[in-house]
Amino acid sequence: MEYNFTDIEKKWQKYWEENKTFRTPEYLTNPKKCYVLDMYPYPSGAGLHVGHPEGYTATDIFSRYKRMKGFNVLHPMGWDAFGLPAEQYAIQTGTHPSVTTKNNCDTFRRQIKELGLSYDWEREINTTDPKYYKWTQWIFIKLYNTWFDEKLQKGRPISEFIIPEEIKKQGKKEVTKYIDSKRLAYYDNAQVWWCPSCRIVCANEEVLFDGSHEKCGNKVEKKNLKQWMLRIPLYAERLLSGIDNVDWPEGIKDMQRNWIGRSTGAEVDFAVEGLNQKLTVFTTRPDTLFGATYMVIAPEHSLTVTITTDERRKDVNDYIKAASLKSDLDRTDLAKEKTGVFTGRYAINPVNHKKLQIWVADYVLTGYGTGAIMAVPAHDTRDFEFAKKFDLPVVCIQDPDVSDHNQKERILKGEECWTEDGTYINSSDMATGIDINGLNKETGIAKIISWLESTNLGREKVNYKLRDWLFSRQRYWGEPFPVIHWEDGEISLIDEKELPLELPQLEKYLPGESGESPLANATEWLTVTDNSGRRGRRETNTMPQWAGSCWYYLRYIDPHNDKLIFDTAKEKYWMPVDLYIGGAEHAVLHLLYSRFWHMVLFDLGIVSTDEPYKKLFNQGMILAFAYENEAGGKVAADIIEERDGKFYNSETGMEVRQIVAKMSKSLKNVVNPDDVVLRYGADSLRLYEMFMGPLDVTKPWDDKGVKGVFNFLGRTYRFFSNPGNIVAADENPEILKGLHQAIKKVEGDIENLRFNTAISAMMIFLNLAMKKGKVTKETVNIFTKILSPFAPHIAEELWQQQGHARTLAYEPWPVVNETYLKEDTFEYPVSFNGKLRFKIELPVNMGKEEIARIVLADERAQKWLSTGKMSDIIVVPNRIVNIVVKN
RNA sequence: GCCCGGAUGGUGGAAUGGUAGACACGCAGGACUUAAAAUCCUGUGACCAUAACGGUUGUGCGGGUUCAAGUCCCGCUCCGGGUACCA
């Protein structure tokens, strides 16, 4: 029988749909549960990409396998459908984003269904559905009404917050202000990039090096806009320590650790000469205080204006203005020369009372530490560079451990920077009584910190790179904030009972001139009046795309519940997610944000686990072949001709080079899954995606490679569907052995997500079966089962041909019978000095001495023994024999 | 700069410190066919050599540990990803 994959696949997709084969079990008594999650896609207009089925096939194989192992499996799919492309399409064409979104989701759903993925479609979610974002808004209200108790390291309801008496005395306004300063969500001024021509706020990533907007090329400017922010840094310690307890790739864990960026050091207060102000710096090296020779504050620092003397005011103001026009990329480009201006003011070094010039420079950032630093040019390259440029003093305080005498001299004189560790010199002061000369780094830091704390001039301090999360966007196509700004300045959140606050219909989607979101045009929706006649205006910003994806895994658990975010018992049963697969591009932001929300929900008792994703795995990117000419210019893949293993540009006849690159429209090397399904079928596409290589590595798509797995499926089908190949007899022991080896290998490989070698194990078995020519019905049944997670359509068809009436999706996974795998003999490789010379078959239970005796007596051994004197013989039972011969 | 990966035939890739190159593509030869496709069979790291055997060499480079290294250790080179005046 020919392998007619199109008919087979259509038939079984229809069967699964009609029989609701993959509906999630509702009885939650089975202690074996498995929640298998994909990173849901943004349904773009371009349709599915071959990168999508990679992760989806992996989770599908895992889900199907777990069902056969007797697990209750939750395996859902949905759409991350808010986002910019639909909104921009609306601006251009007037089509409402919900229309565009619906069409795109329909395309994605059709494409995904054609891959035979075993999702429970009754649990499909869509972040743009008001029934979904009702709960996104609900969580926002929870965040707003939560404060972080630093002592307990735990989020708590704002109602439990105790307001200090001295604040209460200052009146209602101050109390509100104080409470707001503790909420996890707050509303404040923030600097954002604004493109005046597009009238849109740009993400940092959208601003090019020269300060222009990548979409239109016009200059962007910084704008101060009131924004919603989330205090994620309060959870920094929890987010950091939680990483240790999850089964994630080490690389991703490291990326999260780096992003959180914990560093320990001290805050040190410097008196400012002539002002009743102190300037506080954060440093990881308080031990180098004696080497501090000047100070630098960021242009945006709150004290910059106060510190600057009148004589220096004009220069400083000019500098601040210039810095504000620079893009962040521009400012942080290390290759650029450092700039800065002197404020005219001096600070006093607490360890030795020396006067230090205070400068303003944009290499110091407002957002990190205190926005001010003490500069130690002798031992920090950035400070050294700055000091040399502006002729500031350099004092060496660490004895450089270098053998080159001249270099040592230069370092000691402050002519060269020394960034390694060394014992301290020049680090004592009689007047202040502190002395760390001769100490090493550890003891030096400890001594200085305890001195600072005893004199109340500083304190030990932990700092994080993690910043408050800017949580609003000036867009239409996002979740509206459930917030009202009243005319008297009060901010209130709408009642939970009034949720969802739906997006209003709009005629125009362009943002307002002032930087306001397009929602500012929705006049009727916008204005509200309370019972006492007070007027208010709704928040016009919307939430960022991250919001919906921060908690979607929770909604799958109980997606149609309109009373609760989810049923508690169901949440307890299914959480945490047992396996989460997606691209590494979400290593930091999405995974960090959703962990943060989850921890807050955990603290409030809404979820039962402190981490959402127990095991995480990142699929590698799928690249494609591309072509470039001698000069390195790219040539579109559709005009390439291959002759004798070489590649030519069919238009010019010139030879081109084959390279591997990301798939892109301009290179014309994008592979469309629909085409592959049409030519080879979904089972082949699934199998190839898994056979290409290990799941986590980047690998190039090669159309030729699909043929290999297609051949395998064709051979499988033709062999097993031919009744002439199936005999009613005892199974051949070699086939039994091969079959059970395959079960064992496939099972282990699925558990470890090593699908490429699982597939090759099945190929090996098929080759063996075809060589033998005949198999029993039992063998067909077992092989069909282990093939089914990978190629479910063909497996269902073969299963049915064997006379089974129902799907094999819930058939028990075959059990390995170790007795079939036992061997009587082992073929020992015999090597001399590590080099293989011959092989000899011996019983597996033979003793070492006897093996050595037989091997040495073998005539093939004589040739090698005669080359020198045997000094040793190593026998590793059932592994190898190695003989050491010396000349 | 810093952090994390990686480098194995013509290609994608296999190898608990123990037979390097499983499996597959490609290629070559053969069978079937009027022919082609499809299918089936055989061979296939490189080099030397043979009637047959056989031998040498080989996992980015240079060292080391070991009876034994693709695998472990030290020092590099190149490629990929992340991140960045983070004090």
Side-chain angles (χ1 to χ4, degrees), chain A residues 2 249-259 261-263 265 281-286 288 296 328-329 331-336 338 361-365 367-376 380-383 385-386 419 463-467 584-585 587-588 618 620-621 623 625 644-645 658 660 687-688 691-694 696-709 711-712 714-715 718 754 756-764 766-767 770-771 827-839 863 871-876 878-885:
Chain A
E2 264 318 294
E250 279 306 316
I252 302 296
K253 289 184 172 190
D254 274 328
M255 281 166 72
Q256 292 225 343
R257 290 189 187 107
N258 290 339
W259 193 264
R262 182 185 206 270
S263 58
V281 303
F282 171 73
T283 173
T284 53
R285 299 297 303 272
T288 60
V296 186
D328 271 7
L329 284 168
R331 254 178 85 160
T332 56
D333 185 358
L334 273 167
K336 292 244 168 80
K338 302 229 180 319
D362 63 9
Y363 81 89
V364 174
L365 309 171
Y368 185 76
T370 61
I373 62 156
M374 62 177 208
V376 184
D380 180 290
T381 47
R382 288 161 305 164
D383 296 345
E385 201 186 310
F386 192 86
T419 55
N463 222 322
Y464 302 94
K465 283 190 212 173
L466 191 63
R467 319 274 174 91
E585 66 272 21
V588 176
N618 295 109
M621 212 189 329
L623 306 178
F625 291 122
D644 305 326
Q658 189 180 57
V660 170
L687 223 51
Y688 179 61
F691 189 60
M692 285 168 85
D696 57 345
V697 306
T698 304
K699 43 207 175 279
W701 182 275
D702 185 358
D703 275 328
K704 286 181 197 148
V706 186
K707 247 194 84 179
V709 294
N711 286 345
F712 164 67
R715 280 150 55 91
R718 285 188 299 272
R754 291 152 48 121
N756 54 332
T757 48
I759 293 167
S760 85
M762 291 187 281
M763 288 173 167
I764 291 167
L766 179 69
N767 290 344
M770 287 180 74
K771 204 162 206 166
E827 193 180 36
Y828 279 92
V830 179
S831 57
F832 287 80
N833 296 333
K835 276 188 188 140
L836 175 73
R837 293 307 176 184
F838 63 89
K839 292 177 186 173
K863 178 180 171 188
S871 68
D872 200 1
I873 176 164
I874 291 105
V875 178
V876 186
N878 299 315
R879 180 96 24 201
I880 202 166
V881 176
N882 189 26
I883 297 158
V884 188
V885 178

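Not measured: the values here are computed from a predicted model.
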* Check the angle between the aromatic planes of A/F832 and A/F838 and answer parallel, tilted or perpendicular using the 30° and 60° thresholds. => tilted
* Atom-pair distance (CE on A/M255; C1' on B/C4), nearest Å -> 9 Å
* Between B/C40 and A/R715, is there an OP1 or OP2 to side-chain N/O distance shorter than 4.0 Å? -> yes
* **Interatomic distance where NZ belongs to A/K835 and P belongs to B/U57 [whole Å]** => 5 Å
* Would you please confirm or rule out a distance under 4.0 Å between OP1 or OP2 of B/G26 and any side-chain N or O of A/K707? => yes
* To do: Report yes if the side chains of A/V885 and A/N833 come closer than 4.5 Å at any heavy-atom pair, otherwise no.
  => yes
* Asked: Does A/K465 put a side-chain nitrogen or oxygen below 4.0 Å from OP1 or OP2 of B/A84?
  -> no
* Asked: Within the structure, does a side-chain N or O atom of A/R257 lie under 4.0 Å from either OP1 or OP2 of B/G82?
  -> no
* Asked: Atom CE of A/M770 and atom P of B/U42: how far apart are they, to the nearest Å?
  -> 11 Å
* **Any donor-acceptor N/O pair, A/R382 side chain to A/D380 backbone, under 3.5 Å** => no
* Asked: Under 4.0 Å between a side-chain N or O of A/N258 and OP1 or OP2 of B/G82?
  -> no
* Taking only the side-chain nitrogens and oxygens of A/K863, find out if one of them lies under 4.0 Å from OP1 or OP2 of B/G55. => yes
* Structure fact -> Between CG of A/N833 and P of B/U56 the distance, given in whole Å, is 12 Å
* To do: Provide, to the nearest angstrom, the distance between the CZ atom belonging to A/F691 and the C1' atom belonging to B/G13.
  => 8 Å
* **Any A/R262 side-chain nitrogen or oxygen under 4.0 Å from OP1 or OP2 of B/C86** => no
* **Face-on cation placement of A/K338 at A/Y363 ring, 6.0 Å and 45° thresholds** => yes
* Decide yes or no for A/R262 and A/L466: does some side-chain heavy atom of the first lie under 4.5 Å from some side-chain heavy atom of the second? => no
* **Whole angstrom value for the distance that separates C1' of B/G17 from CG of A/N882** => 13 Å
* Distance between the P atoms of B/A15 and B/A22, in whole angstroms? -> 12 Å
* Asked: For B/C23, does either OP1 or OP2 sit under 4.0 Å from a side-chain N or O belonging to A/R754?
  -> no
* Same-atom distance (C1') from B/U65 to B/U50, integer angstrom -> 40 Å
* Asked: Has the side chain of A/Y828 got a donor or acceptor atom that lies under 3.5 Å from a matching backbone atom of A/K839?
  -> no
* Does a donor on one side chain sit under 3.5 Å from an acceptor on the other, for A/N463 and A/S263? -> no
* Structure fact -> For RNA chain B, the expected dot-bracket line (Watson-Crick or G-U under 3.5 Å, [ ] crossing, | inter-strand) is (((((((..(((.....[....)))((((((.......))))))((((.....))))..(((((..]....))))))))))))....
* Asked: Could you give the OH-to-P distance, from A/Y368 to B/U83, as a whole number of Å?
  -> 17 Å
* Rounded to the Å, how far apart are A/N767 CG and B/C40 C1'? -> 12 Å
* **Pairwise C1' distance, B/A31 and B/G80 [rounded to whole Å]** => 47 Å
* Is B/G9 syn or is it anti, if syn means the base angle is within 90 degrees of 0? -> syn
* To do: Map A/I764 and A/M692 onto RNA chain B by nearest heavy atom, then report which one ends up closer to the 5' terminus.
  => A/M692
* **A/N756 side-chain N/O to B/A22 phosphate OP1/OP2 under 4.0 Å** => no
* Less than 4.5 Å apart, any side-chain heavy atom of A/V376 and any of A/T288? -> yes
* To do: Could you check whether A/F386 gets within reach of a base, just the sugar-phosphate, or nothing at all, counting any heavy atom under 4.0 Å?
  => nothing
